[in-house]
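Below: one structure, written as structure tokens.
All values below were derived from every heavy atom in this structure, side-chain atoms included, with hydrogens, water molecules and symmetry-related copies excluded. When a residue number appears, it is its place in the shown sequence, counting from 1.
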Amino acid sequence: MLWLKPWFFQELLVTVSVVASVAERRRIARLVHRFGFGPRPGEFAELVSDGFEAAAAVYLVAPSSDDFADSQSPPVVRDLGNRPAPNTPELVPYVTEKRAQSTSLTMWWLDRMVLSSHSLTERMTWFWHGHWATSIAKVDDPLPMYLQNTTLRKYALGNFADMSRAMVNDGALIFWLDGQTNTIKAPNENLSRELMELFTLGVNRYTESDVRETAKALTGYRVKASSGEVTFLPKQHYSGAISFLGTTGTFDASSLSDFLVSREDCALFITERLWYRFISSMNPLTDNRLRESFRNREIATLVRAIGAHPSLNDPSNSMVKSPIDWFVSACRALSITPSTFPNTALIRNYLNLMGQLPFLPPNVGGWPADQAWLSTSAAQYRIDFAAALIKGGDLTPITSVAMKDRIDALADWLGVAEWSSRTAMALQGARQDPSRLTLLALCSPEYVVSA
């Protein structure tokens with residue numbers, strides 16, 4: 001070792017310092033983009049300065065109040081009653097108002113995602129919307145969808161047993177899965193099947209006999225479609241004993257939910273789902289200790305455990321942003337309020353083209369994840385969408401920075417751990433044009449992917 005020069009140790013120390021800095025930036029970047037919706041201008045640099053533990057204390061714990069969300073007016077939705085008969089004078093105003101309500105509901109939630117002072121609650125509400133996936137395409141009325149959304153938000157970081165009990169009694173979900181057609185003489189199995197497979201237990205953790213039996217427990221519930229109001233009719237409910245998953249007894253929707261949620265399969269399944277959406281869709285969960293953090297079915301405890309897990313910093317656990325993730329994070333960076341954007345129809349149109357509009361999941365399984373969002377068409381839509389957003393956005397975080405510092409400033413502004421040499425070269429060529437520079441950054445691999 002005597003032959004090594006002093007400068008060698010100096011360069012080694014610099015290299016280790018840079019690597020550690022990139023690792024810390026990556027972990028914090030993943031934290032703010034996955035458990036939030038991306039940083040606001042100036043926020044990421046401050047988080048990096050304070051370190052991951054301080055950032056986690058902010059991003060993984062929702063405060064009791066939120067300046068924006070607590071004062072936001074509700075969307076304009078109301079019970080429109082039954083659809084008027086075809087070719088009647090009442091039909092056109094009915095359809096017009098329903099369309100306006102749907103738009104109001106969508107923009108209201110996008111505003112909430114972008115502008116909430118603390119984004120964990122909205123992030124988790126969005127996660128649960130994909131978990132208990134319910135589409136307005138079939139429900140058709142905005143009011144039941146709004147009521148379901150408020151339920152998901154109420155329990156987003158609460159107790160999963162309480163959430164599940166509320167959801168099996170939710171009008172939009174029951175209607176979406178044909179629960180209102182479930183009768184003693186002809187039990188409809190849609191809700192019972194999805195309740196076990198997609199909502200509480202997971203695939204291959206029940207039998208077809210279990211589906212048939214639990215469907216009986218879900219009889220007797222009727223929904224007023226236009227309002228989402230649920231009525232329980234005891235005479236229409238199967239009151240006999242049912243046998244499923246090794247137990248026999250009498251159940252209704254709430255007691256059935258409680259039984260399913262209490263099973264160990266539920267603890268594993270919900271932990272797996274959060275891991276899949278927040279850590280990796282490619283590398284499966286192997287750490288059984290995480291399931292223990294969900295033993296009491298407290299969602300907030302599980303979220304904190306997953307967010308602080310070392311795997312968040314594993315380079316292989318990159319994840320492609322969904323269209324909503326990308327759009328909301330871009331709006332936060334550009335200081336855009338979706339509902340006051342000059343062309344709100346453009347926002348809805350591009351999100352629809354990219355395949356992800358709130359309240360409109362493609363099926364009961366929700367939206368796909370990760371690499372499913374990468375395609376040639378999606379890339380072109382993203383470029384066009386970004387260009388439109390930039391025209392209505394605030395570029396001060398870049399225009400106020402000296403040209404020589406703009407590339408690094410971009411990374412801090414958008415919450416990017418580091419630029420690849422290829423991306424950095426492209427950005428260098430656009431430093432003189434803030435709009436083009438921002439466009440390249442918003443559509444770069446390092447921003448599209450939570451790398």
For the residue pair [X] and [Y], does the interplanar ring angle fall in the parallel (under 30°), tilted (30 to 60°) or perpendicular (over 60°) class?
{"X": "Phe259", "Y": "Phe244", "answer": "perpendicular"}
{"X": "Phe269", "Y": "His131", "answer": "tilted"}
{"X": "Trp109", "Y": "Phe359", "answer": "tilted"}
{"X": "Trp367", "Y": "His129", "answer": "perpendicular"}
{"X": "Phe232", "Y": "Tyr221", "answer": "tilted"}

Test: [X] and [Y] ion pair at under 4.0 Å:
{"X": "Glu208", "Y": "Arg193", "answer": "yes"}
{"X": "Asp141", "Y": "Arg83", "answer": "no"}
{"X": "Asp325", "Y": "Arg123", "answer": "yes"}
{"X": "Arg78", "Y": "Glu97", "answer": "yes"}
{"X": "Lys224", "Y": "Asp79", "answer": "yes"}
{"X": "Arg295", "Y": "Glu264", "answer": "yes"}

Spatial distance of atom [atom1] ([X]) from atom [atom2] ([Y]) [nearest 0.5 Å]:
{"X": "Gln380", "Y": "Ser377", "atom1": "CD", "atom2": "OG", "value": "9.5 Å"}
{"X": "Leu31", "Y": "Arg27", "atom1": "CG", "atom2": "CZ", "value": "8.5 Å"}
{"X": "Asn349", "Y": "Met354", "atom1": "CG", "atom2": "CE", "value": "11.5 Å"}

Going by atom types alone, do [X] and [Y] pair a side-chain donor with an acceptor below 3.5 Å?
{"X": "Ser444", "Y": "Thr423", "answer": "no"}
{"X": "Ser420", "Y": "Glu446", "answer": "yes"}
{"X": "Asp394", "Y": "Ser335", "answer": "no"}
{"X": "Asp210", "Y": "Thr207", "answer": "yes"}

Problem set entry | Test ring-ring contact (aromatic ring centres under 6.0 Å, His included) applied to Trp128 and Phe160, step by step | CA-CA 11 Å; Trp128 292 119; Phe160 184 71; 5.6 Å; yes
Problem set entry | Sole residue of Phe199, Phe278, Phe127 in side chain to side chain contact (heavy atoms under 4.5 Å, CB included) with Arg273 |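 Going through Phe199, Phe278, Phe127 one by one, the side chain to side chain contact (heavy atoms under 4.5 Å, CB included) with Arg273 is satisfied by Phe127 alone.
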Exercise. Would a 4.5 Å heavy-atom cut-off, applied to side chains only, mark Arg332 and Glu43 as touching?
Worked result: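 Side-chain contact under 4.5 Å: yes.
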Exercise. More than 12 non-hydrogen atoms from neighbouring residues, nucleotides or ligands closer than 6.0 Å to CD on Glu90, yes or no?
Worked result: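 Yes, CD of Glu90 has more than 12 neighbouring heavy atoms, counting only those of other groups under 6.0 Å.
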Exercise. For Glu292, does the CD atom sit with more than 12 other heavy atoms under 6.0 Å from it, leaving out its own atoms?
Worked result: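 Atom CD in Glu292 is crowded, with more than 12 foreign heavy atoms closer than 6.0 Å.
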Problem set entry | Residues Ser316, Asp314; criterion side-chain hydrogen bond (donor to acceptor under 3.5 Å, both in side chains); working and verdict | CA-CA 5 Å; Ser316 69; Asp314 185 339; 3.0 Å; yes
For this session: Using the side-chain hydrogen bond (donor to acceptor under 3.5 Å, both in side chains) rule, take Tyr447 and Ser329 through it: C-alpha gap first, then chi angles, then the decisive distance, then the call.
Result: CA-CA 10 Å; Tyr447 192 71; Ser329 61; 2.9 Å; yes
